[in-house]
Structure formats: C-alpha cells, structure tokens
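Reviewing the structure listed below.
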Amino acid sequence: MLFSEFHRYRSGFVYCIGLLIGLIGISAVASAQLNDTGVTRNDGLGADHQYGRDPAAAAGVLPKTGSGSKGFDFTKIANDGTELPDSAALGTNPGDWACTRDNVTGLI
C-alpha cells in the first residue's frame with residue numbers, strides 16, 4: 001500500500017525535493033550578501049539594531065555604491081541599461097528610470 005501511494009505522488013515528491021535542493025543552493029550563495037532589516041531601534045526582542053549593515057551605516061563607516069537609507073544600497077537603472085542618478089524619474093524613454101539594482105545582492 002505504501003509503495004502504491006508513493007508511486008501515485010512520485011512526481012510531486014520529486015518536484016518538492018528538487019525545489020528544496022534549489023532553495024538550499026540559492027540561500028548558500030545569497031547568504032554571503034544579505035540586506036539588513038532596516039530596524040535601527042532596540043525593540044527588546046533580539047537586538048537586530050546592533051548587527052549587520054544598518055549599524056555600520058549609522059556610524060558612517062558603510063561604503064556604498066549607490067544610494068539608499070540605512071544599510072540599503074540601490075542604483076537606478078534606465079530602460080537602456082545605463083546607471084542613473086538618484087533623482088531620475090520613471091518613464092518609458094531609453095534614458096528614463098525603469099529598474100532598480102540592489103547593490104548588496106546584485107538583484108535587479
């Protein structure tokens with residue numbers, strides 16, 4: 001009975017295992033570069049404000065590629081793929097802001 005049930009749900013099981021392995025691989029790569037939470041006050045629950053990129057930004061010792069408050073670091077990207085100043089506005093022209101690159105994770 002157990003074998004027949006497994007056979008019945010085999011493709012879903014294989015999919016879930018593959019997804020789990022993929023997520024583990026992604027998290028291993030991403031863990032080297034993670035954004036902080038943005039919490040900068042002591043909430044009494046875990047002292048998140050004391051660790052990560054946010055306290056370094058508050059102390060003025062966090063190097064950034066782009067802009068962003070606290071420990072966040074973003075760069076605006078135009079429709080044509082070029083980097084833009086923080087003041088750029090959204091639009092549909094080639095030089096208008098279309099995407100945002102997270103300079104910590106590299107995600108666009």
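Atom OG1 of Thr75 and atom CZ of Arg101 lie 4.5 Å apart (nearest 0.5 Å). Note that the NZ atom of Lys76 and the OG1 atom of Thr100 stand 7.0 Å from one another [nearest 0.5 Å]. For the atom pair Asn79 CG and Asp96 CG, the distance stands at 6.5 Å (nearest 0.5 Å).
Through chains of ILVMFWY side-chain contacts below 4.5 Å, Trp97 is grouped with Leu84, Leu90. Grouping Ile, Leu, Val, Met, Phe, Trp and Tyr by side-chain contacts under 4.5 Å, direct or through others, puts Phe72 with Phe74.
When all heavy atoms of Ser67 and Asp86 are compared, the closest pair comes out as OG-OD1, 3.1 Å. The shortest non-hydrogen separation linking Ala57 to Lys70 is CB-O, 3.1 Å.
For Asn93 (side chain) and Gly95 (main-chain N/O), no donor-acceptor pair under 3.5 Å exists by modelled atom type. Of the possible donor and acceptor atoms, one in the side chain of Asp73 sits under 3.5 Å from a partner among the backbone N and O of Thr65.
In this structure, the side chains of Asn103 and Lys64 stay at 4.5 Å or more apart for every pair of heavy atoms.
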